[in-house]
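Position 1 is the first residue of the sequence; numbering continues from there.
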Amino acid sequence: MEKIIEIQNLKKSFGRLDVLKNVSCFFGGGVVSILGPNASGKTTLIKSILGMVVPGSGDILFKGRSVLHSFDYKRRIGYMPQIGHYPDNMKIGQLFRMVMDIRQQEASDTDLLKAFQLEGMYHKTMRTLSGGTLQKVSAALAFLFSPDVLILDEPSAGLDPFASETLREKIMAVRSAGKLVLVTSHILSEADELSDDILYLYEGQIRFFRSLADLKAETGEQKLGKALTQILNAVSC
């Protein structure tokens, strides 16, 4: 399997708190769900990949090249934050145009823009939007330039069932195209439905990183939640 993103001995501390402790792994194509309890290091890991957090030591490679102190690779990643923060007085249409101007690219994937009917809301300012609509904006922006890698942080949070299903179908479509999708989620049923692989973080370390099929085969369980419970109980004994 081609290594699209490789994490090498990554460490990160905030003061005396060690958040990532010598994390090493690599990601190829497909959907990888990054799971773990609160404060396990999930957000720090994805923000390190995005260059939003500078690790204390270790390296991150994007298709074999270090991303540390680099910016060009970010053009090939689409990011959907758990909570999007945008200028209050900016209109939706202005936001999309600004992002295209900054990227110096025109939109190449407007599927979600159309599915969420955002074009009809271009005149609305960001401060007037509901949390769910803000999530739709963030999702549409993440996919807008057909990136090689999608990083989605709690993507269904705040979305209504129809919008969640629309986003799920889009994730499955880019997965079929061979792209890499990294998803953090607290919703195990969502991870069960979407994932090829499960990376489980605990206290800044990888507890396990296996395919979903192997987890279920090893435990004899058909649901991810029950499989995780069985494996974590066995590890803690």
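- Every residue two or more places apart in sequence or in another chain that forms a salt bridge (charged side-chain N to carboxylate O under 4.0 Å, His left out) with K114 is listed here: E119.
- Residues L20 and G41 share a closest heavy-atom pair of CD2-O, 3.6 Å.
- Take R76 and apply the salt bridge (charged side-chain N to carboxylate O under 4.0 Å, His left out) test, not counting sequence neighbours, and it matches D148.
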For side chain to side chain contact (heavy atoms under 4.5 Å, CB included), just list the numbers for M100 and R97, CA-CA rounded to whole Å, side-chain angles, deciding distance to a tenth of an Å, and then say yes or no.
CA-CA 5 Å; M100 286 186 276; R97 174 44 59 188; 3.8 Å; yes
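- With sequence neighbours excluded, the residues forming a side-chain hydrogen bond (donor to acceptor under 3.5 Å, both in side chains) with E193 are R168, listed by chain and number.
- With S130 contributing its side chain and T133 its backbone, the two residues share a donor-acceptor pair below 3.5 Å.
- Taking OG of S164 as the start and CD1 of I187 as the end, the distance is 7.0 Å to the nearest 0.5 Å.
- Judged by distance alone, the side chain of T128 and the main-chain N or O of T125 form a donor-acceptor pair under 3.5 Å.
- Summarising the geometry, atom CD1 belonging to I231 is positioned 5.5 Å from atom OG1 belonging to T219; distances are rounded to the nearest 0.5 Å.
- Residues satisfying the salt bridge (charged side-chain N to carboxylate O under 4.0 Å, His left out) criterion with E221, sequence neighbours excluded, are absent altogether.
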Kindly determine whether I198 and R210 satisfy side chain to side chain contact (heavy atoms under 4.5 Å, CB included), including the steps that lead there.
CA-CA 6 Å; I198 303 293; R210 304 179 204 170; over 6 Å; no
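- Annotation: K226, atom NZ; neighbour count of heavy atoms from other residues, nucleotides and ligands within 6.0 Å does not exceed 12.
- Counting only distance, with no hydrogens or angles, the side chain of D192 and the backbone of L224 share a donor-acceptor pair below 3.5 Å.
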Could you go step by step and tell me if K170 and D111 meet the side chain to side chain contact (heavy atoms under 4.5 Å, CB included) rule?
CA-CA 8 Å; K170 184 61 180 175; D111 288 350; 2.8 Å; yes
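- When atom types are taken as modelled, the side chain of D160 and the backbone of A163 share a donor-acceptor pair closer than 3.5 angstrom.
- Using cut-offs of 30° and 60° for the angle between ring planes, the F208 and Y200 rings count as parallel.
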Donor-acceptor pairs under 3.5 Å, side chain of residues 88-95 to any protein atom, not counting sequence neighbours: which ones?
{"unit_1": "N89", "atom_1": "OD1", "unit_2": "R127", "atom_2": "NH1", "d": "2.2"}
{"unit_1": "Q94", "atom_1": "OE1", "unit_2": "K91", "atom_2": "N", "d": "2.9"}

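- With contacts defined as side-chain heavy-atom distances shorter than 4.5 Å, the pair R175/L180 does not qualify.
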Take Y73 and I60 through the side chain to side chain contact (heavy atoms under 4.5 Å, CB included) test and state the conclusion after the steps.
CA-CA 11 Å; Y73 79 99; I60 301 168; over 6 Å; no
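- Rounding to the nearest 0.5 Å gives a distance of 7.5 Å between NZ of K136 and CG of L118.
- Remark: F14 CZ is packed, more than 12 non-hydrogen atoms of other residues, nucleotides or ligands lying under 6.0 Å away.
- The number of heavy atoms from other shown groups lying within 6.0 Å of NE2 (H69) does not exceed 12.
- Considering every non-hydrogen atom in both D59 and S66, the closest pair reads OD1-OG, 2.7 Å.
- A 6.0 Å sphere centred on NZ of K11 holds no more than 12 heavy atoms belonging to other residues, nucleotides or ligands.
- Side-chain contact between S138 and Y79 is absent, with no heavy-atom pair separated by less than 4.5 Å.
- Looking at residues two or more places apart in sequence or on another chain, you find a ring pair (Phe, Tyr, Trp, His ring centres under 6.0 Å) between F209 and F27.
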For salt bridge (charged side-chain N to carboxylate O under 4.0 Å, His left out), just list the numbers for D153 and K47, CA-CA rounded to whole Å, side-chain angles, deciding distance to a tenth of an Å, and then say yes or no.
CA-CA 10 Å; D153 191 2; K47 286 189 174 181; over 6 Å; no
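- The NZ atom of K12 sits 15.5 Å away from the CG atom of N22 when rounded to the nearest 0.5 Å.
- Counting heavy atoms from C-beta on, the side chains of R207 and L232 come closer than 4.5 Å.
- Two residues are said to be in side-chain contact when any heavy atoms from C-beta on lie closer than 4.5 Å; L129 and M126 meet this criterion.
- Between the side chain of K216 and the backbone N or O of A227 there is no donor-acceptor pair closer than 3.5 Å.
- With contacts defined as side-chain heavy-atom distances shorter than 4.5 Å, the pair V32/V181 does not qualify.
- The line from OH of Y86 to CG of L141 is 5.0 Å long, rounded to the nearest 0.5 Å.
- Cation-pi geometry between R103 and F145 is satisfied (NZ or CZ under 6.0 Å from the ring centre, within 45° of the ring normal).
- Residues S24 and Q8 bring no donor and acceptor atom of their side chains to less than 3.5 Å of each other.
- Among the candidates I34, I49, T184, V183, the single residue satisfying the side chain to side chain contact (heavy atoms under 4.5 Å, CB included) test with I151 is I49.
- Contact check on R65 versus D72 returns no salt bridge, with no Lys/Arg side-chain nitrogen under 4.0 Å from an Asp/Glu carboxylate oxygen.
- Note that NZ of K21 and OG of S13 are 9.0 Å apart. Values are rounded to the nearest 0.5 Å.
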